Amino acid sequence: MLDINYIIENKEIVIKKLLVKNFESKEIIEELELLNKKRKIIIKELEYKRSEINNISKKIGELFKEKKIQDAAKLKEESVNIKNSFGDMESNLFNIENKINDKILRIPNIPEESVKNQTENEIIKEKNKKINITEESLPHWELIKKFKLVDFELGNKITGSGFPVYTNKGAKLQRSLINFFLEENIKAGYEEIIPPLLVNKESAFGTGQIPDKDEVMYHIERDNFYLIPTSEVPVTNILRDKTLEKENLPIKYTSYTPCFRREAGSYGKDVRGLNRIHQFDKVEIVQITNPETSYKTLQEMVNHIEGILMKLELPYRILRLCGKDLSFASSLTYDFEVYSAVQKKWLEVSSVSNFETFQSNRLNLKMKSKSKKTLCHTLNGSSLALPRIVAAMLENNQQKNKIGLPKELQKYTGFEFIEK
RNA sequence: GGAGGAAUGGCAGAGUGGUCGAAUGCGGCGGUCUUGAAAACCGUUGUACCGCGAGGUACCGGGGGUUCGAAUCCCUCUUCCUCCGCCA
């Protein structure tokens with residue numbers, strides 16, 4: 001959520017920058033400006049009247065002490081009159097503030113300076129795309145059947161489409177990847193968190209999932225909880241309504257959780273196999289930083305994730321997202337994709353973003369230095385999302401009757417190959 | 001799930017209708033003293049909003065109500081504690 005005063009004071013710049021995200025904001029900002037003026041006028045009058053009532057009440061108190069009951073009764077009447085003159089002011093103010101809120105929540109975050117108004121994502125780096133596959137090479141959805149790693153039919157039976165059952169070495173591979181990612185993150189100074197998988201609406205609001213994107217989340221009506229679409233939600237909300245000491249920053253959290261996404265309406269060949277499912281495993285990294293250093297932090301996170309992908313010996317590329325592809329809350333995002341040789345497709349496995357103050361403003365997450373309080377910057381990234389890593393790894397490393405695993409991962413799996 | 005109790009500033013803890021935005025202690029910040037530090041002493045110390053400013057308004061778990069006036073009374077929700085029940 002952007003700050004209303006900032007929007008109004010920097011109207012022209014904000015409008016221009018939001019166009020980079022393909023968001024036309026002129027009208028909405030002008031409406032905001034008008035509403036804000038109305039708001040201030042009402043507040044001024046209302047607070048003046050309230051202060052009058054407060055004064056009268058004080059006098060009444062004194063008169064009561066002096067037993068001047070009649071004088072007090074007179075003042076009471078006066079006070080009631082003032083209160084009656086409020087009219088609809090209070091409800092008007094309430095309505096205006098609601099309208100302001102609604103509008104401001106519809107405005108996306110401002111993209112970072114270097115994001116240009118282009119529709120092409122910039123490829124920052126591309127590594128090791130050459131893979132030895134043959135005519136007989138299978139896509140991962142065939143491989144997982146052949147080697148009995150993941151059972152989608154079983155998931156259909158137990159739950160429904162998009163809830164795979166990992167079996168045997170497929171299950172062990174999941175657990176090994178999770179451990180590998182967590183250990184890499186912990187080595188890099190991240191504190192491990194196991195958060196709740198269900199969150200309340202305040203938490204979903206804090207990181208920006210509601211009101212705009214509530215259709216991606218499963219919602220438990222009876223208790224009004226949401227299943228988390230990413231551990232970013234509970235983990236970032238650890239610090240909701242906190243003021244942190246400047247010298248305690250940055251705060252670095254890592255967390256493995258299953259993630260639940262409704263992915264309404266997406267069926268077809270793009271979602272075959274592990275490409276897109278309703279429940280998947282992901283390890284996340286989150287950082288809360290001093291606003292002055294957040295872009296340095298973003299780079300550090302990108303380097304860290306790149307290091308993990310290198311250890312997995314997967315072909316990958318890093319994209320710097322264009323304005324059009326930036327998410328609602330993000331100022332700058334780098335996407336990581338791994339190459340899936342049989343599908344001949346790049347698969348997104350991580351998205352690393354700096355949200356600047358967009359989340360912290362909703363979260364009321366501040367930093368204190370000397371006597372000054374300022375909003376922190378929040379950042380997060382996947383390190384990493386498992387299904388597509390598994391898909392690419394299986395496809396790229398397949399041999400005749402087995403699938404090889406990267407050395408670094410073997411320490412965790414305890415086996416070098418997946419065999420029949 | 002049932003019965004009872006509680007929620008106050010960074011923390012601890014007073015306050016049960018009127019100079020209470022809130023005593024006191026601890027902590028924090030500034031100072032005196034000291035070669036330096038500690039101790040002691042003095043001062044200071046919440047947030048948001050409106051206003052050029054003086055100043056004002058709101059906030060004592062959340063929401064609503066009673067009243068001229070609410071931390072204090074009433075309703076409701078949430079969370080915590082004690083007891084009972086159930087339970088991995």
Side-chain angles (χ1 to χ4, degrees), chain A residues 1-9 32-105 194-206 210 219-226 234 237-249 251 288 357 359-376:
Chain A
M1 176 170 75
L2 295 176
D3 177 65
I4 185 163
N5 293 321
Y6 178 82
I7 296 175
I8 290 172
E9 278 161 32
L32 271 176
E33 217 176 347
L34 194 70
L35 285 168
N36 201 39
K37 268 184 198 155
K38 280 189 191 167
R39 174 179 152 261
K40 287 185 178 182
I41 289 168
I42 296 178
I43 285 179
K44 211 172 162 182
E45 202 177 331
L46 197 60
E47 289 191 348
Y48 176 72
K49 289 188 177 193
R50 277 188 189 147
S51 115
E52 276 193 310
I53 290 177
N54 284 345
N55 282 333
I56 291 173
S57 297
K58 232 176 243 175
K59 276 185 207 154
I60 291 175
E62 284 161 20
L63 288 173
F64 265 106
K65 261 182 199 154
E66 295 164 29
K67 302 250 155 73
K68 291 179 180 165
I69 309 294
Q70 284 201 337
D71 293 350
K74 230 184 238 175
L75 282 179
K76 266 190 202 182
E77 211 177 297
E78 206 178 306
S79 177
V80 171
N81 284 340
I82 295 173
K83 214 176 186 188
N84 288 339
S85 76
F86 277 18
D88 296 329
M89 278 165 72
E90 277 175 325
S91 62
N92 279 348
L93 182 63
F94 182 76
N95 286 337
I96 286 174
E97 284 177 340
N98 275 342
K99 272 187 199 164
I100 288 176
N101 229 357
D102 284 350
K103 287 188 195 300
I104 231 166
L105 288 175
I194 301 181
L197 307 182
L198 275 62
V199 295
N200 57 29
K201 62 177 192 305
E202 287 78 13
S203 295
F205 174 83
I210 52 175
H219 181 227
I220 296 169
E221 218 161 292
R222 187 164 176 169
D223 299 290
N224 201 13
F225 292 145
Y226 296 89
N237 271 283
I238 290 173
L239 297 163
R240 170 150 52 89
D241 291 320
K242 290 277 182 203
T243 300
L244 307 166
E245 298 293 336
K246 184 185 172 188
E247 55 269 25
N248 292 337
L249 295 174
I251 292 192
I288 314 297
T357 59
Q359 288 183 330
S360 62
N361 195 23
R362 288 173 166 228
L363 291 160
N364 186 26
L365 166 52
K366 292 179 179 165
M367 159 193 110
K368 191 166 76 184
S369 65
K370 299 242 164 92
S371 57
K372 255 193 175 171
K373 280 189 179 181
T374 46
L375 292 169
C376 295

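Quick caveat: nothing in here was measured; it's all calculated off a predicted structure. The sequence lines fix the lettering, A, B, ..., with proteins before strands; numbering per chain opens at 1.
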Quick one: is A:K83 getting a side-chain N or O under 4.0 Å of the B:G69 phosphate, OP1 or OP2? yes

Taking the C1' atom of each, how far is B:A6 from B:C77, in whole Å? 16 Å

Once you apply the 3.5 Å cut-off to both distances, tell me the Watson-Crick or G-U wobble partner of B:U47, or none. B:A58

Nucleotide opposite B:A88 in a Watson-Crick or G-U pair, distances under 3.5 Å: none

Just wondering, more than 12 heavy atoms not from A:Q70 lying within 6.0 Å of its CD? no

P-based separation of B:C29 from B:A39 [nearest Å]: 12 Å

Between A:K58 and A:V80, just flag the one whose closest nucleotide in RNA chain B comes earlier from the 5' side. A:K58

Go ahead and name the base partner of B:C52; Watson-Crick or wobble counts if both distances stay under 3.5 Å, otherwise write none. none

Please state the C1' separation for the pair B:U19 and B:A70 - nearest whole angstrom. 16 Å

Using purine N1 to pyrimidine N3 plus N6-O4 or O6-N4 for Watson-Crick, or N1-O2 and O6-N3 for G-U wobble, each under 3.5 Å, what pairs with B:A3? B:U82

Can you check the distance between B:G43 and B:A23, where both ends of the measurement are the P atom (answer in whole Å)? 15 Å

Taking C-beta and beyond as the side chain, do A:K366 and A:T374 meet within less than 4.5 Å on heavy atoms? no

Candidate nucleotides B:G69, B:G56, B:G51, ranked by approach to the side chain of A:K40 - the nearest: B:G51

C1' atom, B:C81 versus B:C74: distance in rounded Å? 24 Å

Quick one: look up who B:U19 pairs with, Watson-Crick or G-U, both distances under 3.5 Å, and put none if it's unpaired. none

By nearest heavy atom, map A:E62 and A:Y48 onto RNA chain B; which one lands nearer the 5' end? A:E62

Look through every strand shown and name the nucleotide pairing with B:U32 as Watson-Crick or G-U wobble, where both distances are under 3.5 Å. B:A40

For nucleotides B:G46 and B:C41, find the distance between their C1' atoms and express it as a whole number of Å. 26 Å

Are any non-hydrogen side-chain atoms of A:L46 and A:E90 less than 4.5 angstrom apart? yes

Are the side chains of A:I210 and A:Y226 in contact, using a 4.5 Å heavy-atom criterion? yes

Under 4.0 Å between a side-chain N/O of A:N54 and OP1 or OP2 of B:A58, yes or no? yes

With a non-hydrogen cut-off below 4.0 angstrom, is A:F64 in contact with a base, only sugar-phosphate, or nothing? base

Nearest to the side chain of A:S79 - B:C50, B:G69, B:C68? B:C68

May I ask you to say what A:I43 touches in the nucleic acid, namely base, sugar-phosphate or nothing, with a heavy-atom cut-off under 4.0 Å? sugar-phosphate

With a 4.0 Å cut-off on heavy atoms, is A:K49 in touch with a base, just the backbone sugar-phosphate, or nothing at all? nothing

Are the charged groups of A:E202 and A:R362 less than 4.0 angstrom apart, N to O? no

Round to a whole Å and report the spacing from CZ of A:F94 to P of B:G64. 7 Å

Of the candidate nucleotides B:G51, B:A48, B:C68, which contains the atom at the shortest distance from the side chain of A:K366? B:A48

Provide the distance between the two P atoms, one in B:G62 and one in B:G9, to the nearest whole Å. 10 Å

Donor-acceptor pair, side chain of A:N200 and main chain of A:F225, under 3.5 angstrom: no

Could you tell me how far apart A:L363 (CG) and B:A48 (C1') are, to the nearest whole angstrom? 17 Å

Taking atom P of B:A58 as reference, at what distance in whole Å does atom CD of A:E90 sit? 10 Å

Return the value, rounded to whole Å, for the distance between atom CG of A:N36 and atom C1' of B:C50. 11 Å

Counting side-chain heavy atoms from C-beta on, which of B:C68, B:U47, B:G56 comes nearest to A:K373? B:U47

Please check: side-chain N/O of A:S79 versus main-chain N/O of A:L75, any donor-acceptor pairing under 3.5 Å? no

For A:I56 and B:C68, give me the distance from atom CD1 to atom P, rounded to whole Å. 12 Å

Side-chain N or O of A:R39 versus OP1/OP2 of B:C50: is the shortest distance under 4.0 Å? yes

Over how many whole Å does the gap from A:M89 atom CE to B:U57 atom P extend? 14 Å

Provide the distance between the two P atoms, one in B:U16 and one in B:U82, to the nearest whole Å. 27 Å

Applying the Watson-Crick and G-U wobble criteria at under 3.5 Å, what pairs with B:U67? Answer none if nothing qualifies. none

Ion pair check, A:E97 and A:R39, cut-off under 4.0 Å: yes

Length of the line joining A:L63:CG and B:G17:C1', which is rounded to integer Å: 17 Å

With the side chain defined as heavy atoms from C-beta on, A:K65 is closest, among B:C50, B:G18, B:U57, to B:G18

Could you state the atom-to-atom distance from CD1 of A:I53 to C1' of B:G56 in whole Å? 14 Å

